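Contents: one structure, followed by commentary.
Only a predicted model underlies this, so the values are computations on that prediction, with no experimental measurement involved. Letters A, B, ... are given to chains in the order of the sequence lines, protein chains preceding strands, and every chain is numbered from 1.
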Number of protein chains: 2
Amino acid sequence: MTTRTAAQQREQARIAYDAYLATCPTRQLLDRIGDKWVGLVLTALADGPQRYSGLSRTIAGVSEKMLTQTLRTLERDGLVSRSVTLSVPVRVDYALTPLGRSLLPVMQAIKDWAETHIDEVTAARAAYDERESGERQEHLP
Amino acid sequence: MTTRTAAQQREQARIAYDAYLATCPTRQLLDRIGDKWVGLVLTALADGPQRYSGLSRTIAGVSEKMLTQTLRTLERDGLVSRSVTLSVPVRVDYALTPLGRSLLPVMQAIKDWAETHIDEVTAARAAYDERESGERQEHLP
DNA sequence: CTGTATCCCGTTCGATACTG
DNA sequence: CAGTATCGAACGGGATACAG
């Protein structure tokens with residue numbers, strides 16, 4: 001057995017982890033719903049189909065680039081459907097697919113935990129920051 | 001009322017959205033659990049307390065910097081507790097707090113959806129990529 | 001053993017301009 | 001109306017070296 005440095009072993013492990021990342025279902029889902037705009041798009045479509053321009057207005061602040069990119073990814077994953085009506089000007093509607101709709105309860109569970117426990121988290125942060133600033137005082141000359 | 005360009009209106013909305021980002025509980029939670037290493041740390045600690053070096057071995061591929069950074073964030077949010085045993089060398093144990101433990105069912109829900117539906121997602125991606133490559137053919141000279 | 005500090009590269013995301 | 005193309009700034013995250 002050849003000797004390897006700690007760095008080489010970590011590097012080896014990192015490669016294995018990258019492969020794991022690419023296949024782990026949970027990781028893939030987390031990458032999707034953790035995305036900056038995905039949650040808002042899913043929520044906006046939960047009430048029914050919307051046109052591109054409608055989404056752009058509903059989700060104020062999103063750039064055309066990011067809205068398009070987000071919709072493309074969701075469409076590719078089968079969570080959102082895109083239907084084009086050939087007219088002048090063209091009309092494009094986006095809607096949740098059944099698969100996309102099945103994700104809503106999960107999003108709701110996340111939302112519920114967040115709204116139920118956010119106060120505890122905020123309090124914990126405040127306490128932590130308080131402790132930290134206190135300890136910095138002690139270490140002064 | 002002064003006239004504003006579309007770009008100015010988007011900019012205005014973006015600022016409002018940034019403020020929203022900072023306060024929305026769901027967004028905060030998503031930012032946390034969507035983090036690259038948080039899921040693995042939480043999972044590793046679900047079975048019981050672990051030392052820093054233990055986590056480093058369990059979660060192969062993580063750098064010391066990212067492990068420390070992840071643990072600090074989780075500790076600050078009150079999801080993980082950190083206890084130092086003063087000896088030589090020092091020993092540090094990490095464990096889930098009750099708050100952290102309450103998050104496990106949510107993570108499980110995410111995991112369940114992912115494992116149940118990943119095949120549909122993969123199939124949708126394959127179908128989408130197939131369509132795309134087909135359409136690129138049509139557009140050739 | 002358990003971190004902290006620094007550098008640096010790749011990716012992400014927004015702004016802007018242009019197209020069918 | 002519904003995008004596409006390009007560019008630059010900001011940020012995450014890894015390698016490395018150092019410290020209590």
Euclidean distance, atom [atom1] of residue [X] to atom [atom2] of [N] [Å, nearest integer]:
X        : N       : atom1 : atom2 : result
Leu86(A) : dC1(D)  : CG    : C1'   : 13 Å
Leu67(B) : dT2(C)  : CG    : P     : 10 Å
Asp31(B) : dC13(C) : CG    : P     : 11 Å
Arg82(A) : dA2(D)  : CZ    : C1'   : 8 Å
Lys36(A) : dA10(D) : NZ    : C1'   : 11 Å
Gln69(A) : dT12(C) : CD    : P     : 8 Å
Asp18(A) : dT11(C) : CG    : P     : 12 Å
Leu21(B) : dC13(C) : CG    : P     : 12 Å

What is the nucleic acid contact for Lys65(B), judged by heavy atoms within less than 4.0 Å: base, sugar-phosphate only, or nothing?
base
To the nearest 0.5 Å, tell me how far Leu45(B) CG sits from Ile59(B) CD1.
7.0 Å
Please state whether the phosphate of [N], meaning OP1 or OP2, lies under 4.0 angstrom from any side-chain nitrogen or oxygen of [X].
X        : N       : value
Ser53(B) : dT2(C)  : yes
Trp37(A) : dT12(C) : no
Tyr94(A) : dG3(D)  : yes

Any side-chain heavy atom of Arg76(A) within less than 4.5 Å of one from Asp129(B)?
yes
Examine distances only and state if a side-chain atom of Ser102(A) and a backbone atom of Leu99(A) form a donor-acceptor pair shorter than 3.5 Å.
yes
Where the side chain of Arg51(A) is defined as all heavy atoms beyond and including C-beta, which of dT4(D), dG3(C), dA2(D) is the nearest nucleotide?
dA2(D)
Would you kindly compare Asp35(A) and Pro89(A) by the position of their nearest DNA chain C nucleotide and give the one closer to the 5′ end?
Asp35(A)
Comparing Leu71(B) and Ser63(A) on DNA chain C - which has the more 5′ nearest nucleotide
Leu71(B)
Cluster question for you: counting only ILVMFWY and a side-chain heavy-atom cut-off of under 4.5 Å, with indirect links fine, are Val84(A) and Val88(A) together?
no
Do Leu103(A) and Tyr128(B) belong together in a cluster built from hydrophobic side chains that touch within less than 4.5 Å?
no
